[in-house]
Protein chains: 2
Amino acid sequence: MPHKLRSDAMDNRARIQDAARALFSAEGLDVPMREIARRAGVGPATLYRHFPTKQTLVAEAFADQLRACRTIVDEGCADPDPWRGLCLVIEKICELHARDRGFTEAFLSTLPGAPDVAGREYTLKAVAGLAQRAKDAGRLRPDFVLDDLVLVLMANKGIHAASTATRVRASRRFAGLAIQAFEACPHRAPLPPAARLGSAAPAGA
Amino acid sequence: MPHKLRSDAMDNRARIQDAARALFSAEGLDVPMREIARRAGVGPATLYRHFPTKQTLVAEAFADQLRACRTIVDEGCADPDPWRGLCLVIEKICELHARDRGFTEAFLSTLPGAPDVAGREYTLKAVAGLAQRAKDAGRLRPDFVLDDLVLVLMANKGIHAASTATRVRASRRFAGLAIQAFEACPHRAPLPPAARLGSAAPAGA
DNA sequence: AGCGAAACGGACGAGGGCGTCCGGTACCGT
DNA sequence: ACGGTACCGGACGCCCTCGTCCGTTTCGCT
C-alpha cells in the first residue's frame with residue numbers, strides 16, 4: 001500500500017469520504033455514486049478511481065461508526081453489572097442506528113462478505129459473552145439467544161419517520177421495550193423458537 | 001362505474017391482479033410495472049389502461065389482505081378476554097406481514113392518502129378500544145399507547161431473511177417478545193416517551 | 001357472417017443510473 | 001521554471017424503467 005498519493009488526490013479522497021458519510025447517513029446506502037461525487041465536487045471518474053466498488057466506499061465510510069460500535073460494546077462489557085452493560089449496549093446501538101440511516105443497512109447488510117465482517121463478528125462474540133454473564137446474574141431471561149439481538153437490530157431498522165429526531169425518539173422507546181422483553185421475570189411464558197438470522201445467512205436479494 | 005367490460009378485458013384485469021398480488025407479495029412494492037404485465041401475459045399499455053397509477057393497482061391487490069386484517073381485528077375484539085384478543089391481533093398481524101412483503105409497505109405506507117386509509121383508520125380505532133379494555137383488565141401495561149403498536153408493526157417490517165419461512169419464524173418470536181414487553185407487570189421501569197408515528201405523518205420520501 | 005367499437009400490445013422517446021475512456025490540468029522534483 | 005506524470009472530470013455508450021401512441025386484433029351484437 002504505497003501512500004504516495006499526490007496532495008490534491010488525498011484532498012479529493014478525503015472530501016469523497018466526507019460526502020459519502022453525510023449522504024449515506026442521511027439518505028441511506030442507495031444514493032447514486034454520482035451524487036456523492038457531485039457533493040464532493042469531483043467527477044464520477046475520480047470517485048470510481050478511488051473507490052472502484054461501492055462496497056469499498058461503504059466500508060471506508062463506516063469504519064469509524066464500526067469503531068464507535070465496538071467502543072459501545074467494550075463499554076458494556078466493562079460494566080461490572082452485566083445486565084446494565086447489556087442494556088447500555090442495546091440502547092446505544094439502537095440510537096446509533098436510528099441516527100444513521102446507512103449504517104444500519106451496512107451493519108445488517110445483505111452484502112455478502114463485506115470487509116467489516118471481522119468487526120461485526122467480534123462485536124457479536126463480545127455481546128454473546130456479555131449476555132451469558134447477564135444470564136448467570138439472573139437478570140437476562142435464560143431463553144435469550146444472540147439472534148434475538150439481531151432481531152431487535154433488524155426491527156429497529158424498520159422504524160421510519162419523517163425526521164431524524166422522531167426516529168431517534170421512537171427508537172429509544174423501542175429499545176426500552178426490547179430491554180423489558182429481555183429481562184428475566186418470574187412468570188414468563190415460553191417464546192416461539194428463534195430463527196437463524198445472525199452471522200452466516202447470505203440473504204440473497 | 002359501468003361494469004360493461006368486455007370478457008377478454010375482465011380476464012386480463014383478473015390476471016393482472018393475480019400477477020400483482022404474487023409479485024408484490026414476494027418481491028415487495030417496487031417491482032417494475034413491466035414485470036407485472038409480463039407475468040400477466042399482457043402488454044404494458046393494457047396494464048396502464050386498467051390501472052393508470054401504481055397506487056390503484058396496489059389498493060386493488062391488497063383489498064383482501066386489508067379485509068383479512070380487519071377480520072383479525074374483529075376476532076380480537078370479539079374475544080371476551082381483551083388481553084388474549086390483543087395478543088391474537090399482534091401475532092396474526094405480524095404473521096400476515098411476515099408472509100407478505102408488499103403488504104407491510106402498503107399498510108404502513110408512506111403513500112399519502114391511499115384509498116385504504118379508511119380501513120386502516122378503522123382498524124387502528126378498533127385496536128385502540130381493545131387496548132383500553134386490556135388495560136382496564138390490568139393485563140396491558142398502563143403506559144401503552146397506540147403508537148407502540150405501530151412501532152411494533154414497523155419494526156416487524158424491518159425483519160428480513162432469505163426465505164419466507166425464516167422470516168415468519170423470526171416474526172413469530174418477535175411478536176412473542178413484543179407481547180411480553182406490553183404485558184402489565186408489577187415492577188416495570190418507566191419507558192422513554194412515545195413518538196408520534198401513527199395516523200397522520202405524511203412521512204416524506 | 002359481418003360490422004363497429006372496445007381492447008390489445010409492440011414500439012417509441014424521455015429520464016436516470018452505471019462504469020469507462022481520453023484530452024486536459026495541476027502537482028512535484030529538479 | 002519547466003518537463004514528466006499522476007491525476008482530474010466531462011463526455012460517451014449501455015441498460016433499465018417509465019408512461020403514451022397507434023396500427024391491429026378480438027369481441028359482441030345483429
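These numbers come from the heavy atoms of this one structure, side chains and all, not from hydrogens, waters or symmetry mates.
With rounding to whole Å, B/Leu47 atom CG is found 13 Å from D/dT17 atom C1'. As a whole-Å value, the separation of B/Asp30 CG from C/dG17 P is 16 Å. Following rounding to the nearest Å, B/Glu27 (CD) and D/dT17 (P) show an atom-to-atom distance of 12 Å. Computed from coordinates, the B/Leu57 CG to D/dC18 P distance equals 12 Å when rounded to whole Å. Counting to the nearest Å, the C1' atom of C/dG9 and the CE atom of B/Met33 are 16 Å from each other. Between the CG atom of B/Asp11 and the C1' atom of C/dA6 there is a distance of 15 Å, rounded to whole Å.
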Distance-only donor-acceptor pairs under 3.5 Å for side chains of residues 33-47 of chain A, two or more places apart:
none

Determine all donor-acceptor pairs shorter than 3.5 Å in which one atom belongs to a side chain in residues 176-183 of chain B; sequence neighbours excluded.
| residue | atom | partner | partner atom | Å |
| --- | --- | --- | --- | --- |
| B/Gln180 | OE1 | A/Arg141 | NH1 | 2.8 |
| B/Gln180 | OE1 | A/Arg141 | NH2 | 3.2 |
| B/Gln180 | OE1 | A/Arg188 | NE | 3.4 |
| B/Gln180 | NE2 | A/Ala189 | O | 2.8 |
| B/Glu183 | OE2 | B/Arg139 | NH2 | 3.2 |

For a quick test of your reading: what N or O donor-acceptor pairs under 3.5 Å do the side chains of residues 89-97 of chain A make, sequence neighbours left out?
| residue | atom | partner | partner atom | Å |
| --- | --- | --- | --- | --- |
| A/Glu95 | OE1 | A/Arg172 | NH1 | 2.8 |
| A/Glu95 | OE2 | A/Arg99 | NE | 3.1 |
| A/Glu95 | OE2 | A/Arg99 | NH2 | 2.7 |

Validation: residues 60-68 of chain A side-chain donor-acceptor distances under 3.5 Å, sequence neighbours left out:
| residue | atom | partner | partner atom | Å |
| --- | --- | --- | --- | --- |
| A/Glu60 | OE1 | A/Gln17 | NE2 | 2.8 |
| A/Gln65 | NE2 | A/Asp100 | OD2 | 2.5 |

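Nearest-nucleotide positions on DNA chain D for B/Lys54 and B/Ser7 put B/Lys54 closer to the 5' end.
Partners of A/Arg101 under the salt bridge (charged side-chain N to carboxylate O under 4.0 Å, His left out) rule, at least two apart in sequence or in another chain, do not exist in this structure. In this structure, A/Asp74 has no salt bridge (charged side-chain N to carboxylate O under 4.0 Å, His left out) partners at least two apart in sequence or on a different chain. Partners of A/Asp136 according to the salt bridge (charged side-chain N to carboxylate O under 4.0 Å, His left out) rule, which considers only residues two or more places apart in sequence or in another chain, do not exist here.
B/Leu124 places a side-chain heavy atom less than 4.5 Å from the side chain of B/Leu146.
Listed in residue order, the members of residues 15-23 of chain B having a heavy atom less than 4.0 Å from DNA chain D come to none.
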Output one line per pair: protein atom, nucleotide atom from nucleotides 5-12 of chain D, and distance, for all N/O pairs under 3.5 Å.
| residue | atom | partner | partner atom | Å |
| --- | --- | --- | --- | --- |
| D/dA6 | N3 | A/Arg6 | NH1 | 2.5 |
| D/dC8 | OP1 | A/Asn12 | ND2 | 2.7 |
| D/dC8 | OP2 | A/Arg49 | NH1 | 2.9 |
| D/dG9 | OP2 | A/Gly43 | N | 3.2 |
| D/dG9 | OP2 | A/Thr46 | OG1 | 3.2 |
| D/dG9 | O6 | A/Arg49 | NH2 | 3.1 |

